[in-house]
Structures are given as structure tokens and as C-alpha cells.
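What follows is a single structure, written as C-alpha cells, with notes after it.
What you see below is based on every heavy atom in this structure, not just the backbone, and it leaves out hydrogens, waters and symmetry mates. What you see is a predicted model; the values in this text were computed from it and never measured. Along the sequence shown, residues carry numbers from 1.
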Amino acid sequence: MNYLPHTRQDISLMLERCGVTSLDDLYADVDDSLRFNGDYDLPEAMCEAEIRRFFSGLSAKNRTMTCFAGAGFYDHYTPAAINAILGRSEFLTAYTPYQPEISQGTLQYIFEYQTLMARLTGMEVSNASMYDGATATAEAMLMAVNHARRKRRVLIASTVNPAVAAVVGTYARWQNIALEVIPEHNGVVNRQEFESMMEAGDVAGVIVQTPNYYGILEDFEGWADTCHRHKALLIMNAPASALAVIRTPGEWGADIACGDAQSLGMPLNFGGPYLGYICTGKALIRKLPGRIVGATTDENGKRVFVLTLQAREQHIRREKATSNICSNQGLMALHTAVYLSLMGPEGLQRVNALGADGLRRLSDGLAESGVMTPMYPGHAVLNEALFKVNNGITPQQILDTCKDAGILAGVPVGDDGLLVAVTENQSIEDIDRYISTVKSLKQ
């Protein structure tokens with residue numbers, strides 16, 4: 001088989017070096033009861049045309065649904081230019097840019113990514129990306145604790161996405177951090193409870209989210225001042241796309257901005273790969289996890305890019321490192337940089353405007369039916385909202401009926417809530433079909 005790289009001579013030399021006579025000897029420690037001794041259920045070889053027909057038939061079994069589900073991950077459009085650029089071999093196969101002499105392209109696009117994310121969040125610096133928004137938020141918590149040194153108490157708003165909160169809780173448990181939840185009232189975190197919990201002292205950081213889990217734009221005026229008065233850091237989680245049209249973490253006075261960049265045109269892909277971002281001020285740059293790319297000049301005065309401030313991972317002793325995250329989501333960082341460059345401020349604003357208009361149309365139509373009404377009326381929302389299911393109908397009935405109509409209707413919350421998201425990918429016809437499907441349950 002010409003695609004197997006080892007010749008019989010290679011294998012013979014390897015076995016001789018290992019001191020065995022056959023490949024089976026390498027598995028001598030595996031009990032016979034655990035070995036598979038049958039024939040592999042593999043199809044016969046096919047030509048290219050047959051393979052194409054096979055996979056086309058397999059693909060035809062999939063059912064394309066219109067997605068109104070969100071809860072942190074959103075069905076946005078991916079411009080064709082992005083995949084064309086990402087698919088280039090020099091990008092697709094690039095890994096760790098340890099040697100700047102041969103990694104200038106990779107280092108430059110990471111540097112551009114950092115610049116774009118810092119501008120989007122209103123912060124001064126960005127790292128070279130994280131695995132996803134949940135782990136980025138957990139790392140932000142560790143930054144706050146490391147900065148505070150002796151304080152091991154962190155507050156997290158109950159309106160933070162439960163999936164993010166769960167990951168943060170796992171990190172906190174094994175780092176001996178006391179994670180306490182700030183209760184909510186009417187869909188927003190309770191300001192009085194927050195102030196009271198801060199007065200109790202020993203708080204290293206506070207984690208909030210905007211828009212929150214219910215899509216509500218909360219008012220965090222003065223939160224940073226309260227945190228700083230108690231020598232704590234304010235950490236703000238946000239879906240990246242929304243930051244183009246709402247008040248940024250930097251404008252709120254937050255110390256760390258973090259979250260998922262999936263909303264910047266990344267396909268849902270059954271759960272990944274996505275990208276977590278984390279940005280902060282210059283005062284905390286040495287506490288940042290992951291990689292940071294900097295710009296400098298070479299001996300000829302030419303602008304070049306390098307990994308900088310590297311005392312954060314495998315370069316030094318593990319116990320002394322700021323972070324032990326050894327690889328960034330390089331390909332997805334490039335995706336983000338290309339998307340932001342293509343869209344620009346006007347494109348991002350247009351994407352959010354289309355989502356907001358669509359959600360308004362959906363909300364008005366559902367309210368008219370009486371089957372689904374806003375759970376928290378009176379609050380400003382962006383592209384996502386929690387609806388209360390009425391008239392003795394359950395969220396599961398909504399989900400099942402809409403599924404039959406080719407619609408993913410949302411994410412159930414509690415006993416009678418359904419979280420629904422609208423992006424530029426859902427047309428007016430899709431929205432009207434959702435409304436008419438829900439109305440049919442009333443009859």
C-alpha cells in the first residue's frame with residue numbers, strides 16, 4: 001500500500017531495536033479477551049465517482065433546519081471569502097510560531113487579531129485567543145485571584161450563561177476559590193445584593209454578562225467603581241458580535257473582557273471549533289494567559305512580529321507560569337481577523353440591526369398569538385429574548401411542533417420559558433413561519 005510510510009525493512013529494524021520478533025509481540029501485555037480477532041467491517045474500495053455518490057446519499061439523509069436556538073452560540077452567516085483564505089495550506093497547517101524567522105505570516109495575523117479584539121472590546125490589550133468563551137471566563141477569574149493574591153472569593157451574576165458558570169465553577173473548585181452567585185430579580189442581577197456581598201469583603205473579582213443569558217442589556221453603571229473601591233476586578237463576558245453596537249466592557253470600566261467569538265461568523269459545526277477571547281488593560285498584561293504577539297524591528301529596521309512576554313506557559317517551570325495553555329486557536333483567530341476585516345464597523349452594525357429587527361417582528365407576532373409572551377417585558381434586549389409559554393402549552397410542545405415544521409425553536413429555560421434568538425440568517429419568511437406554527441397550537 002503506497003500510502004503506508006514504513007517499508008518491511010523499516011519495520012524489521014524497529015522490531016530489532018525493540019527486542020521483539022513481530023508486531024504482535026508489541027501487544028503481548030494486552031489480554032487475549034480484550035483483542036479483536038474478527039474481520040473489519042469495511043466496504044470494498046470505490047472509485048472517485050462512487051465515493052462522491054456515496055457521500056451525497058449520506059448527506060441527503062440530513063434534514064436542514066431553520067435555527068432560532070442561541071443561548072451563547074448563534075447561527076450567523078459566514079462570508080465565502082473566509083473559508084477560501086482559511087483553506088490555504090500555509091494557514092491550515094500552521095501551528096506554533098516559535099521561530100519568528102519563518103513564522104511572520106502566522107505572527108502577523110495573530111497580531112492583527114489582537115488589535116481588532118482590543119478595539120472591539122474597548123480594552124488596551126488582547127491575548128492570542130483561548131479555546132472557547134467558557135474557559136476564557138474561567139481564566140479571567142484566575143487572573144483576578146492571582147492579582148488579588150490573598151483573596152479567594154469571586155462573585156458571579158446568576159444572569160451569566162449557565163454553561164459558562166458551570167465551567168467557571170469547575171475551575172474554582174479545584175483552585176480552592178469560593179464562587180458565590182449574585183441573585184437576580186426580574187431578569188437582571190440584583191444591584192443591592194451585589195453591594196451587600198461586596199461589603200462583606202475578601203472579593204477578588206466579579207463576573208457579569210452583557211447581554212445577559214436572557215438577552216437583556218443590563219445597566220452596570222457604577223459596578224466598576226464598587227469593585228475598585230474594594231480592590232476587586234470587574235470581569236465582563238459578552239458575545240463578540242454584540243460589542244459592535246452596545247457599550248463595551250472598556251466603556252463600563254471593566255478590568256477584563258472575555259467571552260466567545262463564535263458570533264463573528266463561525267458556523268455552529270455541532271459545537272466547535274470556536275474561539276474564546278480575553279482582553280484587559282496594560283496593568284494586567286503579565287497576568288494574561290496564553291500567547292501574546294508583539295511588533296518590533298529587526299537589525300535592518302524592518303517591522304517584524306514575535307511572541308512576547310513568554311513567561312506564561314511551557315517556556316518556564318510549570319509552577320511558576322502565569323498560564324499553562326500551550327496552544328491558541330490559531331485558525332479561528334485568523335477566521336475572526338478576516339471576518340472583522342471584511343465586515344468593518346458598518347457590516348457588524350448591519351448584522352446586529354437585522355437580528356434586532358427580526359426579533360422585534362417575532363416578538364410582536366408571538367405576543368399577538370398569546371401562546372408565547374416576553375418573560376421580562378420592559379427590558380431592552382438584543383437579538384435574543386426569553387419567552388413565557390402560556391395557555392397550558394409546554395416549551396417541549398413548542399419544540400416538537402416546530403421541529404416537525406423544520407424549525408429549531410429555541411432553548412428551554414425552567415418549566416415555562418423558551419429562549420429564542422434571531423440573526424441575519426433567519427428571513428422574514430422564516431420568522432413568519434415560526435409565528436404561524438406557534439399559533440397553530442392555540443387552535
Side-chain angles (χ1 to χ4, degrees), residues 1-62 78 80-110 113 128-132 135 266-267 269-275 290-291 293 304-307 310 313-316 318 321 323-338:
M1 297 181 183
N2 58 13
Y3 49 84
L4 293 180
H6 305 118
T7 65
R8 291 183 178 178
Q9 184 181 8
D10 292 333
I11 295 172
S12 178
L13 288 172
M14 181 273 292
L15 293 174
E16 181 180 352
R17 178 63 64 89
C18 293
V20 295
T21 58
S22 71
L23 292 175
D24 288 337
D25 292 340
L26 296 175
Y27 299 93
D29 292 336
V30 179
D31 190 271
D32 287 339
S33 64
L34 299 177
R35 297 192 190 190
F36 178 72
N37 296 311
D39 294 325
Y40 293 113
D41 184 17
L42 295 175
E44 293 296 321
M46 290 183 279
C47 69
E48 181 180 339
E50 290 171 327
I51 289 174
R52 286 185 177 275
R53 283 196 295 270
F54 172 78
F55 281 107
S56 294
L58 204 61
S59 177
K61 295 180 180 180
N62 291 326
T78 305
I82 294 178
N83 287 333
I85 294 172
L86 262 64
R88 292 180 61 92
S89 60
E90 61 267 42
F91 292 135
L92 193 61
T93 60
Y95 184 55
T96 302
Y98 284 126
Q99 296 174 279
E101 296 85 358
I102 62 172
S103 302
Q104 284 301 295
T106 300
L107 289 166
Q108 182 174 356
Y109 80 66
I110 293 176
Y113 160 82
S129 81
M130 312 289 287
Y131 295 118
D132 58 27
T135 53
M266 292 182 194
N269 282 342
F270 301 97
Y274 298 151
L275 176 141
R291 298 209 167 93
V293 173
V304 293
F305 303 92
V306 295
L307 288 177
Q310 295 185 63
E313 38 156 296
Q314 74 266 42
H315 298 89
I316 64 174
R318 179 180 178 88
S323 167
N324 286 286
I325 296 175
C326 298
S327 64
N328 71 300
Q329 289 285 65
L331 195 65
M332 306 320 293
L334 175 61
H335 183 295
T336 298
V338 175

What pairs with T7 under side chain to side chain contact (heavy atoms under 4.5 Å, CB included), at least two apart in sequence or on another chain?
-> Q9, D10
Please name all residues satisfying side chain to side chain contact (heavy atoms under 4.5 Å, CB included) with D31, sequence neighbours left out, ordered by chain then number.
-> S33, L34
Ring pair (Phe, Tyr, Trp, His ring centres under 6.0 Å) partners of F270, counting only residues at least two apart | none
Residues passing the side chain to side chain contact (heavy atoms under 4.5 Å, CB included) test with R35, sequence neighbours excluded, are Y27, V30, D32, N37
If you look only at pairs with a residue in residues 29-49, which of them pass as a ring-ring contact (aromatic ring centres under 6.0 Å, His included), with sequence neighbours excluded?
-> F36-Y40
Across all chains, not counting sequence neighbours, the side chain to side chain contact (heavy atoms under 4.5 Å, CB included) partners of T135 are Y131, D132, V167, Y171
Sorted by first residue and then second, give each salt bridge (Lys or Arg N to Asp or Glu O under 4.0 Å) pair with at least one member in residues 45-59; sequence neighbours left out.
-> E48-R52
Nearest atoms (heavy-atom pairs only) where A337 meets Y109 = CB-O, 4.3 Å
How close do V306 and P100 get, heavy atom to heavy atom, and via which atoms?
-> CG1-CB, 4.1 Å
Please list, chain by chain and in numerical order, all residues satisfying ring pair (Phe, Tyr, Trp, His ring centres under 6.0 Å) with F55, sequence neighbours excluded.
-> none
Student check: side-chain heavy atoms of L275 and Y113 closer than 4.5 Å | yes
Donor-acceptor pair, side chain of N83 and main chain of A80, under 3.5 angstrom = no
Using side-chain hydrogen bond (donor to acceptor under 3.5 Å, both in side chains) as the criterion, list what pairs up with S59, not counting sequence neighbours.
-> none
Side-chain donor or acceptor of S12 paired with backbone N/O of R8 under 3.5 Å | no
